[in-house]
Amino acid sequence: MPVLADNRPHANVQAQLAATVRSSPRMIVQRALIDHMRTSPRAVAQRKINAPSLQPPRRATPVGTTAGAPIQRYLNPMAVEDLIGANVLQGQLGPVIAAYNDAEDRVPEDFDGYKHYSNSYIDAQLQRLVTLDGFITAWINTPANRDNGYARDILEKQIKPNIARDRTEVQNNRVGANVPISQGLIHGTYKWADNSVDLHVSPKGEGGEFSIADIAVVLRKMQQKMAQRTKNGGGVGKFILHPTGAAIVKTLVQLMGEALGDEELVKKARGEIKNRKMVESVKKVFSTPPKKDDDRLDKSVHPEHFAYLDSLVGTQGLAIAPILRGTRTVEERDQNMLAPSEAGENRLNAYKKSVTENTGLVSLNIEFSAERIPKVLDFLDKRL
């Protein structure tokens, strides 16, 4: 669900806005509009409201909390005056907006700022979204409004699709609901019963580029979902990732190493990256670089990849099991190669041998505790 801004208007301010909608379009523009642009993954994860100075202060809501977004954000600043002139806002949407936001203000929070939703609350908010959608549909279908093509385009192509998406997001916050996840090349399902999310990361090239910003979006959304579930009696949240393909595996291992790995070994990995890039820059002067295999790690990145893995050995709350040819038992298949044990060391060496000899598709099963999310997000925030 969308992230609340820290300073969203209080219900009494919403009531004032509803009362002035007929007489002062400029005031609506100044006080009630929200930046509707979604041009970057960070904007999705940290959507902010353009707050006027007259709004009362609100308690800060941590980035990553899941909450219903104020309905005003559906309004496009470039189109709002036309919509007001077309009589779309007058007397109908104001009370719905105020009720939606007032209900959100009343949702109980714990000391961390996490909100806890009841199914009755979700039902009420869904009904308000249905009502809002009904108002817009009725306006579109009114013969007298057919000539206002600009307003119709805004309503049909922007506002109604956003309402539909948020109805899905509100529904997904229902207690007991399993939630489908799809973000870039990342797809999977959050499972309410065991408070886990099982995610597959498609090989690079299947549907676009792989972006660490997509990981940040998923982590923030699941952080809130898992925190709610844990505080409501569920276990500690668990992430399960299934990256496939050389580029994806390399990126995720590097991400985990930078966020969670031993500092000295991470420095070694960075040194290997520096050396590789220096060699590549020299080679480019004399020849065209060969095309790299999407399924297998190029030999030039082996040193840094292995260094990042070494930095993660013994990390609490993180397990990586490689998928290797010749695996004969379930125990061997599920063996954590980061375990500080003989079995873990043997599996890590087997993986390094497989990568070095290019004996198969590079693929891993990565599992980490939700308790590790803050450190991963902290690293991602510095990179984005």
Side-chain angles (χ1 to χ4, degrees), residues 40-42 44-45 64 172 178-191 194-223 225-226 237-261 269 292-298 301-302 304-306 308-309 311-312 315 317-325 327 333-338 347-348 351 354-355 358 360-370 372-373 375-381 383-384:
S40 69
R42 178 178 285 272
V44 174
N172 284 343
N178 292 337
V179 181
I181 305 297
S182 180
Q183 183 72 32
L185 296 181
I186 304 170
H187 55 92
T189 303
Y190 167 78
K191 300 176 182 178
D194 56 6
N195 199 22
S196 70
V197 60
D198 196 321
L199 300 170
H200 290 263
V201 185
S202 300
K204 185 177 180 181
E206 293 187 9
E209 294 291 319
F210 179 64
S211 169
I212 61 171
D214 289 333
I215 301 176
V217 172
V218 173
L219 284 176
R220 285 197 172 89
K221 183 173 184 177
M222 289 298 98
Q223 181 183 34
K225 176 67 72 174
M226 290 177 174
K238 180 172 63 177
F239 275 80
I240 304 169
L241 297 168
H242 306 282
T244 300
I248 307 299
V249 167
K250 173 183 173 296
T251 299
L252 283 176
V253 169
Q254 181 174 346
L255 165 62
M256 292 297 171
E258 289 285 350
L260 306 173
K292 295 181 180 179
D293 190 332
D294 290 337
D295 293 336
R296 292 169 173 80
L297 284 168
D298 188 81
V301 303
H302 290 180
E304 67 201 61
H305 182 64
F306 296 158
Y308 277 122
L309 284 171
S311 77
L312 291 168
T315 299
L318 174 66
I320 300 181
I323 300 174
L324 303 176
R325 287 182 179 180
T327 300
R333 181 198 66 189
D334 295 338
Q335 174 60 50
N336 174 19
M337 65 179 176
L338 303 181
R347 198 60 173 167
L348 178 57
Y351 172 74
S354 175
V355 169
N358 286 328
L361 175 69
V362 180
S363 186
L364 302 175
N365 288 329
I366 301 175
E367 182 177 313
F368 67 97
S369 166
R372 313 301 293 177
I373 294 177
K375 289 196 70 173
V376 177
L377 281 175
D378 181 60
F379 168 71
L380 289 173
D381 283 340
R383 289 286 302 272
L384 294 175

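Keep in mind the model is a prediction, meaning the values are calculated, not measured.
Of the inter-residue distances, the one linking Q335 atom CD with L348 atom CG reads 10.5 Å to the nearest 0.5 angstrom. Between atom CD1 of residue I323 and atom OG of residue S354 there is a gap of 11.0 Å, rounded to the nearest 0.5 Å. Note that NE2 of H200 is 9.0 Å distant from CD1 of I240, once rounded to the nearest 0.5 Å. The CG atom of L199 sits 9.0 Å away from the NE2 atom of H187 when rounded to the nearest 0.5 Å. Taking CD1 from I212 and CZ from R383, the interatomic distance works out to 4.5 Å, rounded to the nearest 0.5 Å. Residue S311 holds its OG atom at 8.0 Å from CD of E258, rounded to the nearest 0.5 Å.
Counting only heavy atoms from C-beta outward, the side chains of I373 and F239 approach each other to under 4.5 Å. Looking only at side-chain heavy atoms (C-beta outward), L255 and V376 come within less than 4.5 Å of each other. Side-chain contact between E304 and K250 is present, with heavy atoms from C-beta onward closer than 4.5 Å. Inter-residue side-chain proximity for V197 and K225 is flagged as unmet; no heavy-atom pair is nearer than 4.5 Å. The closest side-chain heavy-atom distance from L318 to R372 is not below 4.5 Å. Counting heavy atoms from C-beta outward, L364 and V253 have side chains that approach closer than 4.5 Å. Within the 4.5 Å cutoff, the side chain of I215 has heavy atoms near those of the L252 side chain.
Between R347 and the choices N336, D334, T327, the side-chain hydrogen bond (donor to acceptor under 3.5 Å, both in side chains) rule is met once, by T327. A side-chain contact (heavy atoms from CB on, under 4.5 Å) with F368 is found for exactly one of T315, L241, I320, L260, namely L241.
There is no side-chain donor-acceptor pair under 3.5 Å between Y190 and D198.
Between G257 and Y308 the shortest heavy-atom distance is CA-CD2, 3.9 Å. Between A259 and K375, the shortest heavy-atom contact is O-CE, 3.5 Å. When all heavy atoms of R296 and N358 are compared, the closest pair comes out as NE-O, 3.4 Å. When all heavy atoms are compared, the tightest approach of S196 to D194 is OG-OD1, 2.9 Å. Smallest separation of non-hydrogen atoms from A321 and R333: CB-O, 3.6 Å. Closest heavy-atom contact between I248 and P243: CG2-CB, 3.7 Å.
Between Y351 and F306, the angle of the ring planes goes over 60°, which puts this pair in the perpendicular group of the 30/60° scheme.
Salt bridge present: R220 and D381 bring a charged side-chain N and a carboxylate O closer than 4.0 Å.
Using a distance-only test at 3.5 Å, with no hydrogens or angles considered, no donor-acceptor pair links the side chain of T189 to the main chain of K191.
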